[in-house]
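Each remark here refers to the structure printed beneath this line.
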Amino acid sequence: MTHVAIIMDGNGRWATARGRPREFGHRQGAESVRHVVEAAPDLGIGTVTLYAFSSDNWHRPAAEVTVLMKLFRRYLKSETAELVRNGVRLRVVGRRDRLDQQLVRAIERSEEATSGGTRLLLRLAVDYSARDLLVEAVRRAATAPDVERNSLANLLGQAMHGGGPAPDVDLLIRTGGEQRLSDFLLWECAYAELYFTPVMWPDFGAAELAEAVREFRSRHRRYGRVAVAS
Ligand code: FPP
């Protein structure tokens with residue numbers, strides 16, 4: 001099953017272009033999350049990882065951080081039942097110790113309620129930094145001198161609350177026109193296909209996801225080997 005990771009960029013610009021506050025863009029962005037989660041299983045996607053809040057996002061104005069945190073809590077509260085109905089299992093990856101306790105409780109409740117889902121694994125990256133997690137995994141590895149790729153992937157999985165080893169990304173999508181990774185899933189994207197689109201996240205929905213997946217399926221992944229004639 002395909003693992004798609006998405007850097008959801010462009011909420012602020014989308015709102016500003018409409019003469020609205022950035023918050024409006026984030027709220028619309030939450031709608032896009034709903035559409036993408038709904039569309040993913042039928043596109044052969046087994047795991048979706050969404051970059052909801054990077055550790056560097058703490059440096060945004062406090063009011064915007066508050067809006068985003070409220071949106072995450074509201075999403076968990078309003079969507080959990082729907083996730084359960086749709087067979088979606090939710091995991092939140094990243095640090096939890098700097099999150100509001102109410103949000104942490106909402107995350108735990110939602111993870112527990114959706115734990116039986118088998119159609120789609122939805123991973124929300126909140127207070128996430130790939131570099132910080134790699135540092136944490138390497139710290140844990142210091143007591144395991146025979147560490148190799150698989151065990152480091154396991155330690156990385158443990159460091160991010162993900163449960164199980166950090167899963168390789170097949171397709172990384174970034175919306176909003178920028179073309180960079182911004183400290184997202186650096187280990188897991190070693191052989192990911194990269195897909196950049198100028199579409200702003202609030203305008204990204206089922207059709208845009210289908211187009212990204214269609215293009216991904218047309219690519220030849222070689223993992224450093226030579227192409228095999230078919
Ligand atoms: C990037 O757009 C987006 C974010 C930092 C937050 C992502 C959050 C959402 C999509 C809202 C809801 C999410 C969930 C999971 C319910 P930006 O603000 O950096 O846009 P800009 O580059 O145009 O300023």
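Values in this document were obtained by computation on a predicted structure and should not be read as measured data.
Counting only N and O atoms by type, the side chains of Thr80 and Ser110 include a donor and acceptor under 3.5 Å apart. With 3.5 Å as the limit, one finds a donor-acceptor pair spanning the side chains of Trp14 and Asp203. Side-chain contact annotation: Ser55 with Asp127, donor-acceptor N/O pair under 3.5 Å present. Side-chain contact annotation: Asp183 with Ser129, donor-acceptor N/O pair under 3.5 Å present. Counting only N and O atoms by type, the side chains of Thr2 and Arg217 include a donor and acceptor under 3.5 Å apart. Between the side chains of His26 and Asn11, a donor-acceptor pair is found at a separation under 3.5 Å.
The aromatic rings of Tyr223 and Tyr191 lie tilted to each other, with the angle between the two planes from 30° to 60°.
The CG atom of Asp100 sits 9.0 Å away from the CE atom of Met69 when rounded to the nearest 0.5 Å. Here Leu120 contributes atom CG and Leu83 contributes atom CG; the two are 9.0 Å apart, rounded to the nearest 0.5 Å. Separation of atoms CG (Leu133) and CG (Leu185) is listed at 9.0 Å; rounding is to 0.5 Å. To the nearest 0.5 angstrom, Arg89 atom CZ is 10.5 Å from Arg123 atom CZ. To the nearest 0.5 Å, atoms CE (Met160) and CG (Asp132) are separated by 12.0 Å. Expressed to the nearest 0.5 Å, how far NE2 of His220 lies from CD of Glu193 amounts to 10.5 Å.
Under a 4.0 Å N-O distance rule, the pair Arg27/Glu23 qualifies as a salt bridge. With respect to Lys70 and Glu64, no salt bridge is recorded, no charged nitrogen being found less than 4.0 Å from a carboxylate O. Salt bridge annotation for Glu136-Arg140: present, with a cationic side-chain nitrogen under 4.0 angstrom from a carboxylate oxygen. Remark: Asp42 engages Arg119 in a salt bridge, criterion side-chain N to carboxylate O under 4.0 Å.
No side-chain heavy atom of Pro167 sits less than 4.5 Å from a side-chain heavy atom of Met1. Annotation: side chain of Glu208 is not in contact with side chain of Ser32 (no heavy-atom distance under 4.5 Å). Side-chain atoms of Leu50 and Val33, non-hydrogen and from C-beta on, do get closer than 4.5 Å to each other.
In this structure, Asp170 contributes its side chain and His3 its backbone to a donor-acceptor pair below 3.5 Å. With hydrogens and angles disregarded, no donor-acceptor distance shorter than 3.5 Å links the side chain of Arg13 to the backbone of Asp9. Distance alone, capped at 3.5 Å, places no donor-acceptor pair between the Asn154 side chain and the Ser151 backbone. Between the side chain of Trp201 and the backbone N or O of Gly29 there is at least one donor-acceptor pair closer than 3.5 Å. Put simply, the side chain of Arg22 never gets that close to the backbone of Thr16: no donor and acceptor are under 3.5 Å apart. Between the side chain of Thr114 and the backbone N or O of Leu90, at least one donor-acceptor pair lies under 3.5 Å.
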Legend entry - Residues Tyr128, Phe53; criterion ring pair (Phe, Tyr, Trp, His ring centres under 6.0 Å); working and verdict: CA-CA 7 Å; Tyr128 178 95; Phe53 192 86; over 10 Å; no
Inset, instruction - Would you check, one step at a time, whether the test ring pair (Phe, Tyr, Trp, His ring centres under 6.0 Å) holds for Tyr195 with Phe216? - result: CA-CA 8 Å; Tyr195 180 89; Phe216 164 73; 9.8 Å; no
Inset, instruction - For Leu186 and Leu181, run side-chain contact (heavy atoms from CB on, under 4.5 Å): C-alpha distance rounded to whole Å, both residues' side-chain angles, the deciding distance at 0.1 Å, then the answer. - result: CA-CA 8 Å; Leu186 299 180; Leu181 289 180; 4.1 Å; yes
Legend entry - Check against salt bridge (charged side-chain N to carboxylate O under 4.0 Å, His left out), Glu108 and Arg105: CA-CA 5 Å; Glu108 288 168 352; Arg105 276 196 294 278; over 6 Å; no
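For Glu211, the CD atom sits in a packed shell: over 12 heavy atoms of surrounding residues, nucleotides or ligands are nearer than 6.0 Å. Open room surrounds CZ on Arg225; 12 or fewer heavy atoms of other groups in view lie less than 6.0 Å from it. Within 6.0 Å of CZ in Arg219 there are more than 12 heavy atoms belonging to other residues, nucleotides or ligands.
At a threshold of 4.5 Å between side-chain heavy atoms, the hydrophobic network of Ile, Leu, Val, Met, Phe, Trp and Tyr places Leu122 and Leu103 in one connected group. Taking hydrophobic clusters as Ile, Leu, Val, Met, Phe, Trp and Tyr residues chained together by side-chain heavy-atom distances below 4.5 Å, Leu71 does not share a cluster with Val92. Note on Leu134: it clusters hydrophobically with Val147, by side-chain heavy-atom contacts below 4.5 Å among ILVMFWY residues.
Closest of all the heavy-atom pairs between Phe204 and Thr197 is CE1-CG2, 4.2 Å.
Val126 pairs in a side chain to side chain contact (heavy atoms under 4.5 Å, CB included) with only one of the listed residues (Asn57, Ile107, Leu99), which is Leu99.
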